[in-house]
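Everything on this sheet refers to the single structure shown next.
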Amino acid sequence: MPSDTGLILHGAPWSVYVRIVRLVLAAKGLACRVDPVDAFAPGGPPAEHLSRQPFGRIPALSHGAVVLYETAAITRYLDEAFPGPALQPDTPLARARMAQAIGLADSYVYPCLVWQIYVPRSRPAPDLAVIAAATPRAETCLDALCALIGPGFGAARPGLADFHLLPMIDYFLKTPEGRRMLPARPALAQWWARMAGLPGVAEILSDAG
């Protein structure tokens, strides 16, 4: 049973970055109340949320007097401030690889695999030109992830980088491009199967709010 922590996660369950935090909470065995915030609501997010996140994005995390935004900062706080399995590696190089994988996810994987392939593909009339233009970049993203598998990302013990990538790859796999590209990279496909089978993962990734 997750322990009561007083944590509040502000965001929408379908958000990639909200899901990242929820996956880390589950891995740590921490309870957290979700405060629904739609960053794309007409007129923008409520003023209360802007007081927590001045750019109006999600998620933000409240823990008593502590308020955090930026997902990588939130997940590191959860890992270091609470008991439970350690989700960061022990050595400097492995921690650097973890940071590298998270940076790769934010800068390249999320814009390409989610916004340039999944989102256009999910529309009633898919924008095939946008998808075709993004496909070579997607191949590069997946190859770069394969090259990073080892301490810090893709190791036997799941960590912050693994949970950071998981919801992005989940959305990508809902597209024919993802279902074609991922199996062509056995190491990454094995990583996905291992991560997707962890307790609570399927429930979090299927929660549309």
Side-chain angles (χ1 to χ4, degrees), residues 2 4-28 30-79 81 102-131 133-134 137-138 141 160-161 163-175 177-178 196 200-209:
D4 186 13
T5 58
L7 292 162
I8 304 172
L9 180 63
H10 309 277
W14 45 259
S15 161
V16 162
Y17 286 94
V18 170
R19 289 178 175 188
I20 292 167
V21 176
R22 291 182 66 197
L23 289 166
V24 169
L25 286 161
K28 296 289 288 186
L30 300 173
C32 183
R33 179 168 69 84
V34 176
D35 169 35
V37 174
D38 184 358
F40 299 108
E48 181 182 15
H49 187 65
L50 291 173
S51 70
R52 292 184 291 259
Q53 217 291 11
F55 302 98
R57 304 181 75 173
I58 53 177
L61 182 81
S62 299
H63 181 218
V66 174
V67 178
L68 289 170
Y69 61 91
E70 293 303 312
T71 300
I74 292 171
T75 57
R76 283 192 63 179
Y77 175 74
L78 293 173
D79 187 40
I102 290 172
L104 191 158
D106 290 339
S107 297
Y108 307 107
V109 175
Y110 179 66
C112 181
L113 273 57
V114 178
W115 278 102
Q116 295 168 6
I117 294 181
Y118 168 74
V119 171
R121 179 61 77 181
S122 65
R123 289 172 177 152
D127 193 332
L128 299 180
V130 170
I131 294 168
R137 183 73 157 206
C141 286
L160 296 185
F163 293 118
H164 211 90
L165 266 300
L166 194 59
M168 301 178 191
I169 300 298
D170 177 63
Y171 274 123
F172 184 54
L173 283 172
K174 299 182 188 304
T175 71
E177 292 76 20
V201 166
E203 180 182 357
I204 291 169
L205 295 183
S206 65
D207 186 1

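Counting all heavy atoms, side chain and backbone alike, Cys141 lies closest to Leu113 at CB-CD1, 4.1 Å. When every heavy atom of Ala105 is checked against every heavy atom of Pro111, the shortest pair comes out as O-CD, 4.2 Å. Taking all atoms of both residues into account, the shortest heavy-atom contact from Pro120 to Val130 is CG-CG1, 3.9 Å. Pairing each heavy atom of Phe172 with each of Ile117, the nearest pair is CE1-CD1, 3.8 Å. Contact detail for Ala39 and Pro45: the closest heavy-atom pair is O-CD, 3.8 Å. Here the closest heavy-atom approach between residue Ile102 and residue Ala72 is recorded as CG2-CB, 4.2 Å.
The backbone N or O of Arg57 sits less than 3.5 Å from a side-chain atom of His49, completing a donor-acceptor pair. Proximity of a side-chain donor or acceptor of Lys28 to a complementary backbone N or O of Asp79 within less than 3.5 Å is detected.
With sequence neighbours excluded, the residues that form a side chain to side chain contact (heavy atoms under 4.5 Å, CB included) with Leu104 are Tyr108, Val109, Ala144, Leu145, Leu148. Scanning for salt bridge (Lys or Arg N to Asp or Glu O under 4.0 Å) contacts around Glu48 gives Arg52, with sequence neighbours left out. Every residue two or more places apart in sequence or in another chain that forms a side chain to side chain donor-acceptor pair (under 3.5 Å) with Arg121 is listed here: Glu177.
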Show me the donor-acceptor pairs within less than 3.5 Å that the side chains of residues 16-27 make with the rest of the protein, sequence neighbours left out.
unit_1	atom_1	unit_2	atom_2	d
Tyr17	OH	Asp106	OD1	2.7
Arg19	NE	Pro13	O	2.9
Arg19	NH1	Tyr171	OH	3.3
Arg19	NH1	Leu205	O	2.8
Arg19	NH2	Leu205	O	3.4
Arg19	NH2	Asp207	O	2.9
Arg22	NH1	Asp207	OD2	3.0

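Remark: Thr71 OG1 to Ile58 CD1 distance equals 9.0 Å, nearest 0.5 Å. One distance of note links OH of Tyr118 with SG of Cys112; it measures 15.5 Å at 0.5 Å rounding.
The side-chain heavy atoms of Gln116 and Ile131, taken from C-beta on, include no pair separated by under 4.5 Å. Put simply, the side chain of Pro59 reaches to within 4.5 Å of the side chain of Ile74, judged on heavy atoms. Side-chain contact check for Leu7 versus Leu78: some heavy-atom pair is nearer than 4.5 Å. For the pair Tyr69 and Pro54, the minimum side-chain heavy-atom distance is below 4.5 Å. Side-chain contact between Leu61 and Tyr77 is present, with at least one heavy-atom pair separated by less than 4.5 Å.
The salt bridge (Lys or Arg N to Asp or Glu O under 4.0 Å) contacts involving residues 66-75 comprise nothing, where partners must be two or more places apart or lie in separate chains. Pairs of residues two or more places apart, or lying in two chains, that qualify as side-chain hydrogen bond (donor to acceptor under 3.5 Å, both in side chains) and include a residue from residues 30-41 are His10-Asp35.
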